[in-house]
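Quick notes on the structure that follows.
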Protein chains: 2
Amino acid sequence: MAAKGSGARGKRSQRASGSLQPGKELSGEPPLSRQRIVAGAVELLDAQGVDGLTMRRLADRLGSGVMSLYWHVDNKEDVFDLALDSVLEYREPPQMVASQDWRGKVVYLLEDWRASMLRHPWSVSLLPRRALGPNMLSRLELLSKTLSGAGVAAADMNVAIWSLWTYVMGATITRASFDLSDDDRAAAQQRLTRLSEHYATIERSRLLLDDDWDGIFRKGLGFLLDGLSPR
Amino acid sequence: MAAKGSGARGKRSQRASGSLQPGKELSGEPPLSRQRIVAGAVELLDAQGVDGLTMRRLADRLGSGVMSLYWHVDNKEDVFDLALDSVLEYREPPQMVASQDWRGKVVYLLEDWRASMLRHPWSVSLLPRRALGPNMLSRLELLSKTLSGAGVAAADMNVAIWSLWTYVMGATITRASFDLSDDDRAAAQQRLTRLSEHYATIERSRLLLDDDWDGIFRKGLGFLLDGLSPR
DNA sequence: ACCTGAACACCGTTCAAGT
DNA sequence: ACCTGAACACCGTTCAAGT
């Protein structure tokens with residue numbers, strides 16, 4: 001029902017020549033471009049969170065009128081999509097030691113994925129949208145390649161990829177949304193204790209007090225990989 | 001930084017008596033209440049999606065002024081939190097066959113969880129917020145209880161719970177956001193083919209064409225449970 | 001205890017126009 | 001090809017007031 005963008009971007013062709021118009025660069029701001037818009041959006045999101053991103057504020061930061069943005073970008077949705085994908089860009093090519101076994105490689109890949117998103121917590125809440133940007137696809141491709149080098153049966157490949165993908169996504173979201181302050185954590189636990197006839201088990205296991213997210217992520221991933229390992 | 005609600009709700013006490021003021025029920029709409037607000041919000045969200053929920057529209061639907069809502073509810077965030085948690089309510093107590101083994105029970109629990117959310121796709125995009133409502137906690141409790149009855153080592157309990165929780169969350173989100181139409185799927189695949197020097201592996205495995213989400217969910221969960229099984 | 005309307009300070013986007 | 005301001009149709013929420 002809701003139009004979600006057709007995946008066919010770039011209804012205007014990007015300038016192919018990198019040449020600057022002489023005289024332009026003297027006038028303060030460089031000209032608007034998709035790249036600059038995305039960079040500005042990420043800065044704004046880092047500083048103010050999801051609700052802080054406003055077309056008007058973004059334009060201000062870039063020194064342009066609001067409506068100028070719309071030449072380069074379809075709408076606000078588009079900006080969100082671009083910002084999300086940009087977080088997943090590899091600034092440098094992933095440095096996997098060639099000698100690592102496939103499990104080590106997968107763990108490395110997925111930990112980097114999670115870390116990239118947690119560096120920009122707003123990206124996590126943008127995740128539940130169709131997010132098939134180029135960087136997301138490259139990471140899927142890389143994961144895919146690693147798995148098929150590992151001897152995962154062809155019939156299980158897609159399941160393996162989706163399970164791992166799913167695990168990172170879920171873990172990242174859980175991590176970002178349950179990352180309470182110590183005080184909040186204590187308060188939540190007290191609430192459980194107060195209602196302990198309903199929540200006896202998780203009260204006893206102190207589930208909400210555990211904050212070793214990195215460890216939990218790694219261990220859970222280990223379990224999943226145990227299950228996925230070719231026999 | 002952003003105030004996310006402290007978990008302590010109900011700064012005004014809910015009416016404990018169920019008695020109706022005589023004469024009230026003749027005037028058309030029943031009086032506003034937290035319950036009615038949540039129910040209205042869910043209806044609106046089902047009909048219009050996340051962006052369709054507006055305090056004004058919600059008030060309209062309930063036959064009240066906008067500002068009346070704010071007596072019962074802190075703000076729009078609060079409405080979202082309540083709506084999300086209400087999706088996770090058990091309308092009837094979960095019917096697990098007592099004879100089922102623990103794996104069967106866990107699968108049953110998690111499939112119901114996923115199905116409950118997918119019945120209201122907007123709920124998926126509300127997930128990346130701190131969502132510790134009572135219904136979410138009961139489901140965690142139930143999962144917890146099932147696992148500890150299964151002989152999962154106490155030291156692994158929290159990891160097991162979080163991994164499974166994480167898996168459902170991720171799977172649900174993935175499912176909801178990659179649920180493309182056949183046309184979109186074909187278009188995405190074609191895009192991969194066009195760029196096949198970058199995405200050779202996922203192009204070949206036709207990852208994006210696979211739409212057996214229920215099967216994938218179940219199989220991946222199987223792998224995870226294999227890893228988690230007490231040895 | 002519960003409900004209200006007016007007002008404030010914003011939004012995203014269309015449109016017609018400028019260079 | 002790129003940028004702009006004015007205008008439209010909305011928002012969420014504060015406040016002072018009503019019953």
Side-chain angles (χ1 to χ4, degrees), chain A residues 2-5 10-21 23-25 27-37 40-41 44-45 48-83, chain B residues 2-5 10-21 23-25 27-37 40-41 44-45 48-83:
Chain A
K4 268 182 149 185
K11 73 187 177 203
R12 16 267 172 193
S13 57
Q14 286 310 95
R15 63 181 70 67
S17 74
S19 72
L20 300 167
Q21 297 300 338
K24 259 289 186 190
E25 61 272 46
S27 68
E29 302 291 351
L32 233 39
S33 70
R34 235 155 192 268
Q35 271 191 44
R36 273 195 76 220
I37 291 178
L44 206 44
L45 286 162
Q48 321 243 32
V50 181
D51 294 333
L53 178 60
T54 286
M55 295 305 268
R56 289 170 211 259
R57 273 208 272 260
L58 181 52
D60 264 10
R61 171 179 290 263
L62 298 174
S64 78
V66 206
M67 293 316 299
S68 312
L69 300 175
Y70 286 81
W71 177 260
H72 303 272
V73 133
D74 288 346
N75 48 33
K76 196 182 176 183
E77 275 285 287
D78 200 9
V79 177
F80 275 136
D81 286 348
L82 293 168
Chain B
K4 267 184 151 185
K11 74 187 176 203
R12 16 270 170 191
S13 57
Q14 286 308 97
R15 64 180 68 66
S17 73
S19 72
L20 299 167
Q21 297 300 339
K24 258 290 184 190
E25 62 271 46
S27 69
E29 303 290 351
L32 233 39
S33 69
R34 236 156 192 266
Q35 272 193 41
R36 275 194 73 221
I37 292 178
L44 205 45
L45 287 161
Q48 320 243 32
V50 181
D51 293 334
L53 178 59
T54 285
M55 295 306 269
R56 287 170 212 260
R57 273 208 271 260
L58 181 52
D60 265 9
R61 170 178 291 262
L62 299 173
S64 78
V66 207
M67 293 316 298
S68 312
L69 300 175
Y70 285 82
W71 177 261
H72 303 271
V73 134
D74 288 347
N75 48 35
K76 196 183 178 183
E77 276 284 286
D78 200 8
V79 177
F80 275 136
D81 287 348
L82 293 167

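Here is the naming used below: chain letters follow the sequence lines, and residue numbers restart at 1 for every chain.
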Within less than 4.0 Å of OP1 or OP2 of D/dC2, is there a side-chain N or O belonging to A/W71? yes
Can you tell me, in whole Å, how much space there is between the C1' of C/dC2 and that of D/dA17? 13 Å
B/R36 has an atom CZ; how far is it from atom P of C/dC2, in whole Å? 14 Å
Considering residues at least two apart in sequence or located in another chain, which fulfil the side chain to side chain donor-acceptor pair (under 3.5 Å) criterion with A/R61? A/E43
Nearest whole angstrom, please: distance from the P of C/dC3 to the CZ of B/R34. 14 Å
Between CZ of A/R57 and C1' of C/dC10 the distance, given in whole Å, is 9 Å
Please report the distance, rounded to the nearest Å, between CG in A/L44 and P in C/dC11. 10 Å
Given D/dA1, is OP1 or OP2 found less than 4.0 Å from the side-chain N or O atoms of A/H72? no
With heavy-atom distances below 4.5 Å as the criterion, would you say the side chains of A/M55 and A/V79 are in contact? yes
At under 4.0 Å between heavy atoms, what does A/T54 touch on the DNA or RNA strands: base, sugar-phosphate, or nothing? sugar-phosphate
For DNA chain C, produce a single dot-bracket line, 5' to 3'. Pairs: Watson-Crick or G-U wobble, both distances under 3.5 Å. Symbols: ( ) within strand, [ ] crossing, | other strand, . unpaired. ||.|||||...|||||.||
For B/D51 and C/dC11, give me the distance from atom CG to atom C1', rounded to whole Å. 13 Å
Find the distance B/L32:CG to C/dA1:P and express it as a whole number of Å. 17 Å
For a 4.5 angstrom cut-off between non-hydrogen side-chain atoms, does A/L82 reach A/V73? yes
Find out whether A/R36 and A/H72 are in side-chain contact, i.e. whether some heavy atom of one side chain is under 4.5 Å from a heavy atom of the other. no
Across nucleotides 13-19 of chain D, 5' to 3', mark each nucleotide with B, S or - according to how protein heavy atoms within less than 4.0 Å reach it. BBB----
Rounded to the Å, how far apart are A/D78 CG and C/dG12 P? 14 Å
Kindly say if B/S68 contacts the phosphate of C/dT4, meaning a side-chain N or O under 4.0 Å from OP1 or OP2. yes
Kindly write out the residues that satisfy salt bridge (charged side-chain N to carboxylate O under 4.0 Å, His left out) with B/R56, not counting sequence neighbours, or none if the list is empty. none
Taking side chain to side chain contact (heavy atoms under 4.5 Å, CB included) as the test, write out the residues that go with B/S64, two or more places apart. B/L32, B/A59, B/S68, B/L69
